[in-house]
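Here the structure is a predicted model, which means the values were calculated and not measured.
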Amino acid sequence: MSPITAPFPLSRPRRLRRTPWIRDLVAETRLSVGDLIWPIFVRDGEGIEEPVASMPGVVRHSVDRAVQAAEMAAALGIPCLAIFPYTDPAVKNPEATEAWNPENLVCRATRAIKSTVPDIGILLDVALDPYNSLGHDGLVRDGVVVNDETLVALERMTLVLAEAGADILGPSDMMDGRVGVMRRALESHDFGDVMIMSYAAKYASGFYGPFRDAVGATGALTGDKKTYQMDPANTDEALREVAADLSEGADMVMVKPGLPYLDVCARVKREFQVPTFAYQVSGEYAMIEAAAANGWIDGDRTAMEALLAFKRAGCDGILTYHAIRAAKILDGMGF
Ligand code: PBG
């Protein structure tokens, strides 16, 4: 249906843009603090906030500082944190066993945050790459990232993370069948309320570079992730992946990266009408920050514009490293 408009000058679209109040009144989309999930990085030690060089403004928090960060986020009204570990290379191995160590960094951070800030949601990634000395998301056998053996490791990891208190698990490795394995494991171990937000359409992307720096995986990875993450050329395939994950028991789905894949976000939301999230990834964050630091763009303005774009595309929420900045801006004046 094409909208009915009178010919100019009976119709003058600029009438609706003349003043802030009328623009506000006719705005079709809004961003609110309740739409934001803040990804944070944790590391060993105490009293540490170690800057991530490729992500200006982002730090790796020791667990005690992560608790403070969670308190700040909760005070700003941010509903959920995603916690990623910077794992000591000494505990990484090719079997990624640290992934299901109940004392690993994300488990400790989750327990510490839950005991101090119980009302903030915690989302934990279910993938082996921060723990795998080979840098891949799956177990590697004879140079191949194997699927079904990786699922066994993911099942163990799932139960350990649920036990630590994760509210949402985010399978992020694009292995086949992982959501079903996780959902059955959760159901049969009394974790039936733990949610799964699947990284359903996750692309093999150059935009993850700074993240791999942040979690210390940059040097470890040989080759690329193209045998499991999706080809940036495809959108029909994204719908099949979403359908599969929903049929296996995912509660929410995610598209990743974000801005370069807004078409995928919009299509997923339209086709499935399920809670749909976008991950505005590290490289997207770094681009805005780098350009802003050079004075080439306005950092606040472009960050808010990008976040609003996700809402316009139909996303229910966004994982963004700009969460704190956005929450402060929204608190002050709205956008
Ligand atoms: C791990 C994982 C990655 C990201 C989130 N979980 C990296 C990757 O797949 O290589 C990237 C997040 C970001 O770039 O901000 N499976």
Side-chain angles (χ1 to χ4, degrees), residues 33 36-92 98-99 101-127 129-131 157 160-161 164-170 172 197 208-220 279-286 288-289 293 299 303 318-328 331:
V33 67
L36 305 175
I37 298 176
W38 184 32
I40 64 167
F41 299 103
V42 290
R43 52 155 291 154
D44 274 320
E46 227 178 289
I48 299 172
E49 285 178 3
E50 176 188 30
V52 177
S54 52
M55 300 178 74
V58 171
V59 299
R60 303 184 189 106
H61 310 261
S62 53
V63 170
D64 58 319
R65 293 301 178 94
V67 172
Q68 289 176 8
E71 285 174 319
M72 173 178 66
L76 285 164
I78 292 173
C80 187
L81 299 180
I83 308 175
F84 294 96
Y86 175 80
T87 306
D88 180 354
V91 303
K92 295 187 188 186
E98 181 69 4
N101 173 3
E103 294 304 317
N104 74 20
L105 260 173
V106 292
C107 289
R108 280 187 278 134
T110 300
R111 285 192 294 266
I113 291 170
K114 279 286 167 189
S115 69
T116 318
V117 201
D119 292 335
I120 199 158
I122 304 272
L123 162 62
L124 296 181
D125 236 44
V126 179
D129 55 317
Y131 311 103
M157 188 178 183
V160 167
L161 300 183
D167 300 290
I168 308 176
L169 295 179
S172 72
M197 179 190 288
Y208 308 146
F211 175 94
R212 292 181 191 164
D213 178 19
V215 299
T218 309
Y279 197 143
Q280 183 193 42
V281 300
S282 55
E284 299 176 65
Y285 174 87
I288 291 177
E289 291 302 314
I318 309 112
L319 289 89
T320 174
Y321 302 99
H322 280 125
I324 293 290
R325 178 187 208 161
K328 287 180 177 165
D331 203 27

(Q) Within this structure, what is the OH-CZ distance for the pair Tyr285 and Arg325, rounded to the nearest 0.5 Å? (A) 7.0 Å
Q. If every non-hydrogen atom of Ala73 is compared with every non-hydrogen atom of Trp38, which pair is closest and at what distance?
A. CB-CE3, 3.9 Å
Q: For Asp129, check salt bridge (charged side-chain N to carboxylate O under 4.0 Å, His left out) against everything at least two apart and list the hits.
A: Lys225
Q.
Walk me through whether Leu105 and Asp44 qualify under side-chain contact (heavy atoms from CB on, under 4.5 Å).
A. CA-CA 7 Å; Leu105 260 173; Asp44 274 320; 3.9 Å; yes
**Q.** Ile318 CD1 to Leu36 CG distance, which is reported to the nearest 0.5 Å
**A.** 6.0 Å
Q: Measure the spacing between CD1 of Ile122 and CG of Leu161 and express it to the nearest 0.5 Å.
A: 11.5 Å
Q) Judged by atom type as modelled, is there a donor-acceptor pair below 3.5 Å linking the side chain of Arg60 to the main-chain atoms of Val52? A) no
Q) Parallel, tilted or perpendicular for Phe84 and Phe41, by the 30°/60° rule? A) tilted
(Q) Test your reading of the model: is there a side-chain donor-acceptor pair from Lys328 to the backbone of Ala323, 3.5 Å cut-off? (A) no
**Q.** From CD (Gln68) to CD (Glu49), nearest 0.5 Å
**A.** 7.0 Å
Q. Is a donor on one side and an acceptor on the other found under 3.5 Å between the side chain of Thr87 and the backbone of Pro130?
A. yes
**Q.** Smallest separation among heavy atoms of Glu46 and Asp64, with atom names
**A.** CA-OD1, 3.5 Å
Q: First locate atom OG1 of Thr110, then atom CD1 of Ile83, and finally report the distance between them rounded to the nearest 0.5 Å.
A: 4.0 Å
Q. For Glu103, does its backbone N or O pair with a side-chain atom of Arg108 as donor and acceptor, under 3.5 Å?
A. yes
(Q) Could you check whether any side-chain N or O of Tyr86 sits under 3.5 Å from a backbone N or O of Asp213, counting only pairs where one atom can act as donor and the other as acceptor? (A) no
Q. Which value, rounded to the nearest 0.5 Å, describes the distance between Glu50 atom CD and Arg43 atom CZ?
A. 4.5 Å
(Q) If I compare all heavy atoms of Leu319 with all of Ala82, which pair ends up nearest, and what's the gap? (A) CD2-CB, 4.3 Å
